[in-house]
Amino acid sequence: MKILAIAEQREGKFKKTAFEITKAAKEIADKLNCEMVSLVIGSAVESIASELGGFGATRVIVVDDPQLNYYSTTAYTKIISEIAKKESANILLLPASQIGKDLAPRLAVKLDAGLVSDCTALKIEDGNIIATRPIFAGKIISDVKIVADVQIFTLRPNVFTAGSSNGAPATVEKVAVELTQADFAAKAVETKVAVGRPDVTEASIIVSGGRGMKGPENFKLIEDLADVLGAGVGTSRAAVDAGWRPHDEQVGQTGKTVAPNLYFACGISGAIQHLAGMSSSKCIVAINKDKDAPIFQIADYGIVGDVIEVLPVLTQEIKTLLGK
Amino acid sequence: MKIAVCVNHVPDTEAKVRISSDGKTIDKAGINFILNPYDEIAVEQGLQLKEKFGGEVIVVSLGGDSNKETLRKALAMGADKAVLLKDDSIRDSFAVAAALADALKEINPDVILLGKQSIDYDNSQMVGLVGELLNLPSVSVVVKLEIQDNKIICEREIEGGHEKVESQLPIVLSVQKGLCEPRYPSLKGIMAAKSKPIEEKQIPAVNSKVETISLRMPQSKAAGKIVGTDSTAVKELVRLLHEEAKVI
Ligand SMILES: Cc1cc2nc3c(=O)[nH]c(=O)nc-3n(C[C@H](O)[C@H](O)[C@H](O)COP(=O)(O)OP(=O)(O)OC[C@H]3O[C@@H](n4cnc5c(N)ncnc54)[C@H](O)[C@@H]3O)c2cc1C
Ligand SMILES: Nc1ncnc2c1ncn2[C@@H]1O[C@H](COP(=O)(O)O)[C@@H](O)[C@H]1O
């Protein structure tokens, strides 16, 4: 048995999930008493590879090629499946990020593997990996196992904690995989990433506003709080449908699934489709003027009050606390 | 242009989902099923491609007889033909993909559209599985697309932004909200759908690679603490977040 852990990077920097995946892989490797190897793919990424050592990696394979400056589904599928075969790895761990979700099913076919996506827990029973994943938008939790020789799991970001690096080193091996034009049948040619606030799927704190914000202009209050905390900005479908906020901020069943340490729901009623996207947040704060709003049933802390009045005071108080 | 759209029949988002007595499946009794919301976007995109380039839109669904309701909805929106891959048993994603890929190979479309995910099991696997099984390129979570001759340029959603992807037809795409707004079926469309064909096909069994051990309800959380009713509560809230929850 051998685990291959895929560490995602963008523009030469590891994503937080890279450390989460490494740590999770290390824990399973210890429990199953098997080897693990990490894999980093990209252009000019060799220098960062050893960072994974601090999270439990001992051996890191790097496929470093200037053609890989942008993500390519087809090329990455080829690289990972070739390395998996060469290493005889039979357990693959990837993040349930946009790249991980894109790759995992293609790898499953290539490696004749079973795939479980978006896991929130992995445990070992009688030498088998049992994966836990929410289904029906979190209304039901399922425990599943793979009945195939090769097993692939994608792990929900922010759920498996990486902790901080212990500074341990790792050996880095550069491996070349031959890539031809045909391997880039689908290739990214440009990325447009907004700089500034983190995306909701990656933020450890999210400040979300809903219809209770009353209009797009009041989202300034949401943004102010988010900026003090270095948080991402989220929203409900009602605010998106009203044209107040862009789609990519929508949290919920038809938006993004998030699991931050702290989630502020401001003027959001807590409809089941919204809860579907954020109920696994570790701490939830609701500010809503209706004491019967369903959001209070899952909130850890609540203020029954007017968001327009409460938010500026909250931002100021947190500024003071953080010494800003 | 030949366009195929894979559509799934899923419980309504409001549905109260219960676990069957076997502890492994969902009790379907009393649940209202709908055309998967993302697949509605895929159907709309298919119709728009047909309006632009001509051709036909074929919708494909795998499931029991009740999936015909979802196929009818897609036909009422304007799809030309429907194929039902009949199977009442439980299949994992791979087993569904294998049957879809077989049917799609026969249809031989230029563009295959799927939803970003089914809102029942939330797997988000089908686009990659079908793409790899058909040995075609795939692009997932597409929010914008443009086709010129044989070339396609898509924008897909990534964390914090978008990624522009180039590829060739034929291609498999999964669509995300924001790509287009699904139309409502017109009365004429609903009438016309009644006489449009739904071809039924029997499909071979495929072994599942993922086995459900058990389903359970999520642990319900104890009700939280209401700290106050106006901004005078803010000080205490911040103290709790800092000292008790230790999240700031
Ligand atoms: C197929 C489908 C998919 C969906 N997917 C999603 C999804 O992904 N994400 C999502 O969010 N929704 C989704 N929805 C919509 C969902 O059902 C709700 O309509 C939506 O979440 C409501 O948004 P809201 O809470 O902002 O608005 P509302 O439900 O209108 O709630 C506004 C809240 O603000 C409070 N309020 C008003 N004024 C103030 C004030 N001054 N101060 C404090 N509080 C105030 C009110 O008491 C109320 O509780 C989906 C629906 C369907 C049918
Ligand atoms: N039984 C099915 N029949 C037809 N299409 C399906 C079926 N299941 C999934 N799909 C398609 O695959 C997409 C992604 O589903 P999933 O990978 O199950 O989350 C859906 O949005 C549909 O387009």
Side-chain angles (χ1 to χ4, degrees), chain A residues 71 73-74 97-98 101-102 105-106 109-110 114-118 130 135-148 185-194 199 201-202 229 247-248 253-254 261-262 272-273 283 297-305 309-310 313-314 317-318 321, chain B residues 11 13-14 17 19 37 93-94 119-125 128-129 131-133 137-141 157-168 177-178 209-218 221 223-231 233-235 237-238 240-242 245 247-248:
Chain A
Y71 172 65
T73 303
T74 40
S97 61
Q98 296 295 18
K101 284 192 280 192
D102 190 61
R106 297 204 72 120
V109 174
K110 269 237 154 54
L115 166 61
V116 182
S117 29
D118 210 17
I130 312 288
I135 54 174
F136 292 87
K139 287 183 231 175
I140 306 266
I141 309 294
S142 68
D143 281 336
V144 301
K145 96 176 168 209
I146 294 177
V147 283
K187 183 189 191 313
V189 290
E190 187 188 339
T191 51
K192 305 180 200 172
V193 179
D199 186 64
T201 54
E202 300 191 308
L229 290 163
H247 288 297
D248 53 8
Q253 186 163 30
T254 45
N261 293 332
L262 176 57
I272 184 122
Q273 298 92 349
C283 178
Q297 284 163 25
I298 66 150
D300 297 278
Y301 303 105
I303 293 183
V304 180
E309 185 228 355
V310 172
V313 182
L314 181 58
E317 187 66 28
I318 291 176
L321 174 79
Chain B
T13 59
E14 300 279 351
V17 194
I19 300 167
S93 293
F94 178 78
I119 62 160
D120 50 4
Y121 291 91
D122 299 321
N123 279 314
S124 295
Q125 296 186 6
L129 291 172
E132 190 67 37
L133 285 166
S138 59
V139 186
S140 56
V141 230
E157 207 172 76
I158 55 171
E159 290 80 9
H162 294 170
E163 187 170 73
K164 202 163 156 185
V165 182
E166 282 182 7
S167 194
Q168 302 278 320
K177 200 182 161 203
K209 296 180 178 199
V210 178
E211 223 174 68
T212 300
I213 301 166
S214 65
L215 302 185
R216 57 194 146 92
M217 303 306 280
K221 244 172 125 170
K225 203 181 274 181
I226 300 294
V227 189
T229 56
D230 57 23
S231 57
V234 163
K235 235 188 172 64
L237 173 67
V238 171
L240 288 166
L241 292 176
H242 185 57
V247 283
I248 52 176

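Residue numbering restarts at 1 for every chain, and letters A, B, ... go by the order of the sequence lines. Computed from a prediction, not measured in an experiment: that's the story for all the values here. What's counted below: heavy atoms across the whole structure, side chains too, no hydrogens, waters or symmetry copies.
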Trainee: Any sub-3.5 Å donor-acceptor pair from A:S117's side-chain atoms to B:N123's backbone N or O?
Mentor: yes
Trainee: If we only count heavy atoms from C-beta on, is the A:I140 to B:I19 side-chain gap below 4.5 Å?
Mentor: yes
Trainee: Does the pair B:E166 and A:K187 meet the rule for a salt bridge (Lys or Arg N to Asp or Glu O under 4.0 Å), with working shown?
Mentor: CA-CA 6 Å; B:E166 282 182 7; A:K187 183 189 191 313; over 6 Å; no
Trainee: Heavy-atom distances under 4.5 Å only: say whether A:T254 touches chain B with side chain, backbone, both or neither.
Mentor: both
Trainee: Do the side chain of A:D199 and the main chain of B:E159 share a donor and acceptor less than 3.5 angstrom apart?
Mentor: no
Trainee: May I have the step-by-step check of side chain to side chain contact (heavy atoms under 4.5 Å, CB included) for B:V165 and A:V189, ending in yes or no?
Mentor: CA-CA 6 Å; B:V165 182; A:V189 290; over 6 Å; no
Trainee: Heavy-atom distances under 4.5 Å only: say whether B:Q168 touches chain A with side chain, backbone, both or neither.
Mentor: backbone
Trainee: Taking atom types as modelled, is there a side-chain donor on A:E309 or B:S231 under 3.5 Å from an acceptor on the other?
Mentor: yes
Trainee: State which residues pass side chain to side chain donor-acceptor pair (under 3.5 Å) with B:S140; sequence neighbours excluded, sorted by chain then number.
Mentor: A:D102, B:R156
Trainee: What part of B:S93 is in contact with chain A, defined as an atom under 4.5 angstrom from a non-hydrogen atom: side chain, backbone, both or neither?
Mentor: neither
Trainee: Quick check: does any side chain N or O of B:D122 sit under 3.5 Å from a backbone N or O of A:I135, one acting as donor and the other as acceptor?
Mentor: no
Trainee: B:P37 versus chain A, heavy atoms under 4.5 Å apart: side chain, backbone, both or neither?
Mentor: side chain
Trainee: Name the residue from B:V238, B:L241, B:L237 that meets the side-chain contact (heavy atoms from CB on, under 4.5 Å) definition with A:E317.
Mentor: B:V238
Trainee: Which atoms of B:V227 are under 4.5 Å from chain A, going by heavy atoms: the side chain, the backbone, both sets, or neither?
Mentor: both
Trainee: Are the side chain of B:T13 and the backbone of A:Q273 linked by a donor-acceptor contact shorter than 3.5 Å?
Mentor: no
